[in-house]
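Here is the structure we will look at.
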Amino acid sequence: RRPLVPVLGNHDCQGGEPQLYLELFALPRNGPKTIPAERAYAFEYGNVKFIILDSNLAPATQSAWLEKQLAGTKALWKVVSYHHPAYSSGGNRDNAQLRDCWTPLFDKYHVDLALQGHDHAYLRTYPMRGQQRVARAAEGTIYILAVSGTKYYEQRQNDYAEVGLTRVSTYQVLDIQVDGNRLVYRARDFDGKVRDEFVIEKANRGE
């Protein structure tokens, strides 16, 4: 009874094509024509535009479609999700090609949140624009990297990291409130304790 919004990870693609993933889920077929159907898709829910990308494939194969999705929406909030992080929590797991290809589009159309995985160490960046820290969420994109299992990696100190946690698994809740145009983010651990939280408020549709 609850919709599930999956994002392809590297383990889904081991052995070649993500056959089991594609058999298990019936996903929108509105992704880029340059890649197989259902590996990337987009939808709107309320006043949020969600864009799901496949970082197992070359980022450039999805860039034109990504820009079309961002440019064409009137949604107040924009959330993008993909597996391999543009901003890594580890020291040797950088994805420079992805970062150089996609984050300029996030900057251009002001994506609010980028939800990432892969590194097994929790990270929340400062708001980022032009691959540099900015002062407010209204000026840039916040990148989240979450861990849900019990396999953990060490975390490197990065100047873009506002919050970093090691050896802790979290689940995230996004409370997007129509009244006041507020997004309340909380990351809780297995015991329900809040380990990270922030609020974004938008005064108007252009912020």
Side-chain angles (χ1 to χ4, degrees), residues 1-46 48-73 75 77-106 109 111 113-123 141 143-155 167-174 187 190:
R1 298 195 179 192
R2 293 184 181 274
L4 183 65
V5 181
V7 181
L8 263 170
N10 56 301
H11 289 280
D12 301 305
C13 299
Q14 287 184 341
E17 295 297 314
Q19 182 177 351
L20 182 60
Y21 174 95
L22 296 173
E23 290 177 356
L24 284 174
F25 300 111
L27 300 172
R29 302 177 66 88
N30 61 354
K33 304 300 183 184
T34 50
I35 66 172
E38 299 183 76
R39 294 186 64 151
Y41 57 98
F43 65 95
E44 292 193 7
Y45 183 79
V48 188
K49 177 76 173 189
F50 290 94
I51 301 174
I52 310 302
L53 299 167
D54 184 358
S55 60
N56 299 281
L57 301 174
T61 62
Q62 299 157 77
S63 294
W65 175 83
L66 169 62
E67 180 161 23
K68 184 177 180 180
Q69 294 298 315
L70 291 171
T73 184
W77 302 95
K78 301 181 186 72
V79 178
V80 177
S81 188
Y82 48 90
H83 187 69
H84 300 81
Y87 291 95
S88 172
S89 59
N92 60 348
R93 299 170 68 83
D94 190 38
N95 298 285
Q97 183 182 16
L98 183 154
R99 183 173 58 250
D100 293 343
C101 193
W102 286 348
T103 66
L105 296 174
F106 298 173
Y109 297 100
V111 169
L113 295 179
L115 306 179
Q116 314 170 117
H118 193 59
D119 275 7
H120 299 262
Y122 181 90
L123 170 75
T141 300
Y143 296 79
I144 305 290
L145 200 161
V147 187
S148 60
T150 55
K151 178 183 179 183
Y152 303 122
Y153 294 164
E154 295 303 317
Q155 183 154 186
R167 302 193 176 278
V168 61
S169 300
T170 61
Y171 63 92
Q172 288 65 242
V173 177
L174 304 180
F190 285 164

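Fair warning: this is a prediction, and the values are worked out from it, not measured in the lab.
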Do [X] and [Y] make a side-chain contact, defined as non-hydrogen atoms from C-beta onward lying under 4.5 Å apart?
X      : Y      : value
Ile35  : Trp65  : no
Tyr143 : Thr103 : yes
Thr61  : Pro32  : no
Asn56  : His84  : yes

How far does [atom1] of [X] sit from [atom2] of [Y], to the nearest 0.5 angstrom?
X      : Y      : atom1 : atom2 : value
Asp119 : Glu154 : CG    : CD    : 12.5 Å
Lys78  : Leu113 : NZ    : CG    : 12.0 Å
Trp102 : Gln62  : CH2   : CD    : 4.5 Å
Leu98  : Ser88  : CG    : OG    : 11.5 Å
Leu66  : Ile51  : CG    : CD1   : 5.5 Å

Listing request: all salt bridge (Lys or Arg N to Asp or Glu O under 4.0 Å) pairs with a residue in residues 52-67, at least two apart in sequence or in separate chains. Arg39-Asp54, Glu67-Lys108
Residues in side chain to side chain contact (heavy atoms under 4.5 Å, CB included) with [X], at least two apart?
X      : answer
Gln19  : Glu23
His83  : Asn10, Ser55, His118
Ser148 : none
Phe25  : Leu4, Pro6, Tyr21, Leu27

Nearest heavy-atom neighbours spanning [X] and [Y]:
X      : Y      : answer
Pro85  : Asn95  : O-ND2, 2.9 Å
Asp94  : Arg99  : OD1-NH1, 2.6 Å
Leu8   : Pro18  : CD2-CB, 3.6 Å
Ala40  : Leu53  : CB-CA, 4.2 Å
Thr141 : Val111 : OG1-O, 2.6 Å
Thr170 : Ala146 : OG1-CB, 4.1 Å

Indicate yes or no for a side-chain donor-acceptor contact from Gln116 to the backbone of Ala86 under 3.5 Å, with no hydrogens or angles considered. yes
Using atom types as modelled and distance alone, determine if a side-chain donor or acceptor of Thr73 lies under 3.5 Å from a backbone N or O of Lys49. no
ring-ring contact (aromatic ring centres under 6.0 Å, His included) filter on Phe106, not counting sequence neighbours, yields none
Applying ring-ring contact (aromatic ring centres under 6.0 Å, His included) to Phe43 and not counting sequence neighbours gives Phe50
Run the side chain to side chain donor-acceptor pair (under 3.5 Å) test against [X] and tell me which residues pass, sequence neighbours left out.
X      : value
Ser81  : none
Tyr122 : Tyr185, Asp196
Ser63  : none
Tyr41  : none

